[in-house]
Amino acid sequence: MESLHIQRRGEALEFSYDIVWEKGFAGIAPCIRQLSLAARKACVVTDSQVGELYLPEIMEHLSGCFSQTDSFVFPAGEENKTLHTVQSLYEFLIGKKYERRDLLIALGGGVVGDLTGFSAATYLRGIDFIQVPTTLLAQVDSSIGGKTGVDFSKYKNMVGAFYQPRLVYMNMEVLRSLPERQFAGGMGEVLKTALIRDKSFYSWILENQAGINQRDPDLLSSMIRRCCEIKAAVVEEDPKEQGVRAVLNLGHTLGHAVEKLKDFRLQHGECVALGTSAAAYLSLKRGFISKEEYESVLRGIAAFHLPSHVSGLRAEEILQASKSDKKMESGKIKFILLHPLGRAVIDPTVSDEEILEAVRTIQKSGEDTI
Ligand code: GLY
């Protein structure tokens, strides 16, 4: 078993938990026992796709840890990341008499993790939860750091809470069967993570692109671990995004706008790649990165079969949609730029004209193909 500890201690201990990498789900039972939780009941929350693949197996491993184990399965898809699904989960937990010391386990990708975490944060004013991320995107980003929430009226992650899990348990074998497009989406967050903090890691990713695309287990382990180390360090410094954590939003302001305007038909990681491409262009225009570095960002996006252009959207509507994203401060978009490659800065001074110019670099005219 490999693990990484993440913790923050102010005057008191704010949070402390392990990120654990294993082959298979069997290791989850000993990890849970080590936590010495008071929980008697545990409810695995998952979606219809992931549930079909892994729910029976994980339920079997959990049965020895609790006096009661339940499962709550909701239909897969971003369109179900809503308060309506949360309400159904609350009703389920109330019906099964879940108490404050009981536990939720999020088995799935970002939608499942965010929704389960938010439900855990709010049910009975907060119960424990564990993340079991089953997509690359969730393993390198969304399961770590306690951002939880749901979409609201087409606004992405508009309602939520910062609420840390008690454990993040990753079964590396699930990546073998991950559909191509979901794997690529995860790579969008991997590239982002490297670009904001570690230039040599970014070069390593490009050098190993063939092996990563072939899902070489050793390369994936090293890659995921480095992403988790970077994310853990940022979250330990600024868990509630009062400052530096915003750098993790590289590519997200325009990315979220595209995601919303495309009615969530594009994957989150694909939209992050589009947003990263535009942010890299702005960084180039400001003189923060060189032309070669800008081209290396585009190469990274292409290497992992991510889109660098989007069709069927007007630049103005992308700009307007960006302005309704929650990453605004006093009406200004907090843009994340690269300065230089491998380091990100928060820039609230980017003008509408600059944003429109950057958006035009990712626009593709013609058919709405994606
Ligand atoms: N996904 C960005 C963050 O966790 O802050």
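Counting begins at 1 with the first residue of the sequence. Atoms within a ligand are numbered from 1 in the order they appear, just like the ligands themselves.
Atom numbering of ligand 1 starts at 1 in the shown order; those under 4.0 Å from a heavy atom of Leu248 are 2 (C), 3 (C), 5 (O). Per-residue contacts place Asp141 under 4.0 angstrom from the following atoms of ligand 1 (heavy atoms of the residue considered): 1 (N).
Nearest non-hydrogen protein atom to atom 4 (O) of ligand 1 is Lys231 NZ, 2.5 Å. The shortest contact between atom 5 (O) of ligand 1 and any protein heavy atom is with Arg245 NE, 2.8 Å.
At least one cation-pi condition fails for Arg166 and Phe129: the charged atom is not both under 6.0 angstrom from the six-membered ring centre and inside a 45 degree cone around its axis.
Under the rule for a salt bridge (charged side-chain N to carboxylate O under 4.0 Å, His left out), the partners of Glu99 that lie at least two apart in sequence or sit in another chain are Arg40, Arg101. Under the salt bridge (charged side-chain N to carboxylate O under 4.0 Å, His left out) criterion, Asp218 pairs with no residue at all, not counting sequence neighbours.
Nearest heavy-atom pair, His309 versus Gln363, reported as atom, atom and distance to 0.1 Å: CD2-O, 3.7 Å.
In Glu189, neither the side chain nor the backbone holds a heavy atom less than 4.0 Å from any atom of ligand 1.
Of the listed residues (Phe25, Tyr54, Trp21), just one forms a side chain to side chain contact (heavy atoms under 4.5 Å, CB included) with Asn171, and that residue is Phe25.
Some N or O of Lys147 is nearer than 3.5 Å to an N or O of ligand 1, by distance alone. Here's the thing with His252: none of its N/O atoms is less than 3.5 angstrom from an N/O atom of ligand 1.
You'll find the ring centres of Tyr98 and Tyr123 outside the 6.0 Å limit.
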